[in-house]
Amino acid sequence: MDNLKIDLPEAVKFIIGRLEEAGFEGFAVGGCVRDSALGKIPADWDITTSARPEKVKELFDKTIDTGIEHGTVTVMIKGQGYEVTTYRIDGEYEDGRHPKQVEFSDSLRLDLERRDFTINAMAYSDKTGLIDYYDGLGDLGRCLIKCVGKPEERFDEDALRMMRAVRFSAQLGFDIDEATYSAVCKLAPNIEKISMERVEVELMKTIMADEPAKAVLYHDSGLFADILPEADRALNKKYREHTVYMLENIRKDKVLRLAALFSMTDYRDAEACLKHLRMDNKTKDQVGGILRYSKQLIEEREPAVREAIFKQGTEQMAYIFDFLEVECKAREAVTGIPISARKRHLALLKNMFDRIIENGDPTSLKDLKVSGNDLMKYGFKGREIGQMLEKLMYAVMDNPKINDKDTLLGMLDILK
Ligand code: ATP
Ligand code: MG
């Protein structure tokens with residue numbers, strides 16, 4: 001079972017080789033071993049070593065002190081960075097968040113023991129082959145997320161691991177081992193100790209995964225009950241079917257997946273939740289905008305669609321159409337009642353939208369053939385300028401053919 005062969009990248013072989021020549025141990029470890037064993041291409045390669053950080057720095061030409069106090073040095077090879085971390089024993093965790101002190105060790109076994117899940121606790125080098133003390137390979141085969149050691153102790157040390165369990169289950173499509181999941185349910189309230197920034201990272205990784213519906217575990221386990229009540233509600237029994245349909249059927253885009261998560265939530269509550277998560281303002285506004293605008297009706301006329309683009313922007317309108325299309329299907333799926341009239345209406349609007357974009361119709365002030373400067377030359381001042389530009393904008397959205405400088409200047413007197 002343990003004779004798995006991993007094709008290490010040249011740079012990783014080089015780093016491990018140099019560590020070994022100098023009398024140390026070195027292994028690829030964690031996510032890269034897990035992904036390789038699954039036949040996936042790892043996003044990055046982490047290395048674990050018996051060498052202390054100062055030694056690692058001596059052995060390689062170009063290094064960056066990434067987290068030297070935690071034993072991590074980034075080794076640069078041909079412009080790419082590889083994190084090389086000294087074997088660690090994580091001391092007791094202060095407040096379930098940070099290890100109080102990090103202790104270096106000479107033992108790979110202890111380093112693997114501190115890692116969260118069996119599938120993340122495997123190491124590999126060409127010299128030794130796979131090192132798998134906790135049957136990570138077996139759990140990969142069984143499609144299980146299972147703690148290394150006693151789940152309750154591990155979640156007590158670091159509450160974030162509970163969210164990581166859900167996240168990996170969404171990314172890999174795995175179940176969470178029974179004892180591990182029971183411990184999540186029991187210790188869920190401890191998630192409160194974790195900073196919202198870290199919660200956000202795990203939540204985003206979960207809903208951007210191939211099985212975003214695993215996010216329901218955040219509700220079922222109680223992880224979100226206190227920290228994110230709005231998201232918790234979106235995943236409860238009453239709204240779950242709709243929310244899950246949305247998550248599973250909307251394309252993999254950060255804004256759209258968040259809008260899907262909150263598709264049964266009032267936009268103000270969704271925005272409050274995103275603010276609480278410390279989400280950047282742009283994303284928060286985009287998601288809130290989709291939820292709010294999707295409730296409004298647009299007339300089936302090109303000028304009305306151009307006006308909607310003018311108000312929302314092209315990117316946001318495209319989001320809204322993507323969202324509405326899936327939302328319509330979600331409603332059909334949940335109620336079992338076809339809603340063909342709304343579908344036709346949306347298809348028609350989307351068609352107009354595509355045509356407007358294709359034709360390059362005026363939909364923003366910069367498309368207008370008259371500028372604020374032009375208006376100043378005609379004696380407009382201060383707020384009048386913006387007001388007149390807007391009037392001209394509405395005129396050209398009504399009829400794009402009149403978007404011509406002379407025509408528009410000729411209209412100034414009438415519009416004033
Ligand atoms: P990915 O980078 O694809 O999200 P990963 O498994 O590489 O997944 P990282 O967060 O990059 O995850 O962590 C690298 C490794 O460090 C993990 O595989 C695991 O062995 C260990 N690890 C990370 N975070 C924790 C934690 N909170 N508790 C215990 N071990 C952890
Ligand atoms: Mg990683």
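Here the structure is a predicted model, which is why all the values come from computation and not from measurement. We're numbering straight along the sequence, starting at 1. Read the numbers this way: they start at 1 and go in the same order the structure lists the ligands and their atoms.
Atoms CG and CZ, on Asp116 and Arg164 in that order, are 4.5 Å from each other to the nearest 0.5 Å. A distance of 9.5 Å separates CG in Asp232 from CD1 in Ile227, rounded to the nearest 0.5 Å. Atoms CD and CZ, from Glu325 and Arg251 in turn, are 10.5 Å apart once rounded to the nearest 0.5 Å.
At least one heavy atom of Arg114 lies less than 4.0 angstrom from ligand 1. The closest approach between any non-hydrogen atom of Phe168 and ligand 1 is below 4.0 Å. In this structure, Lys205 counts as a contact residue of ligand 1, since one of its heavy atoms falls inside 4.0 Å of the ligand. By the 4.0 Å heavy-atom criterion, Arg34 is counted among the residues contacting ligand 1.
Within the listing of ligand 1, atoms 1 (P), 4 (O), 8 (O) sit less than 4.0 angstrom from a heavy atom of Arg167. Counting atoms of ligand 1 from 1 in the listed order, those under 4.0 Å from a heavy atom of Gly30 are 18 (O). Close approach of ligand 1 to Arg161 (heavy-atom distance below 4.0 Å) involves ligand atoms 26 (C), 27 (N), 28 (N), 29 (C).
Using a 4.0 Å cut-off between charged nitrogen and carboxylate oxygen, Arg355 and Glu302 count as a salt-bridge pair. Using a 4.0 Å cut-off between charged nitrogen and carboxylate oxygen, Lys150 and Glu152 do not count as a salt-bridge pair. Glu202 has a carboxylate O that lies under 4.0 Å from a charged side-chain N of Arg167, or vice versa, which qualifies the two as a salt bridge.
Under a 3.5 Å cut-off, the side chain of Arg240 and the backbone N or O of Leu235 do form a donor-acceptor pair.
For ligand 1, one of its N or O atoms has an N or O atom of Asp158 under 3.5 Å away. Inclusion of Arg198 in the set of residues having an N or O under 3.5 Å from an N or O of ligand 1 is not warranted. By the 3.5 Å distance cut-off applied to N or O atoms, Asp46 is not counted among the residues near ligand 1. Checked against a 3.5 angstrom limit, the closest N/O atoms of Arg164 and ligand 1 fall inside it.
The closest heavy-atom contact to atom 19 (C) of ligand 1, among the options Asp116, Asp35, Leu160, Thr118, comes from Asp116.
Contact annotation: for Glu202 versus ligand 1, there are no heavy atoms closer than 4.0 Å.
Using a 30° and 60° split on the angle between ring planes, Phe321 and Phe353 fall in the tilted class, from 30° to 60°.
Every residue two or more places apart in sequence or in another chain that forms a salt bridge (Lys or Arg N to Asp or Glu O under 4.0 Å) with Lys57 is listed here: Asp65.
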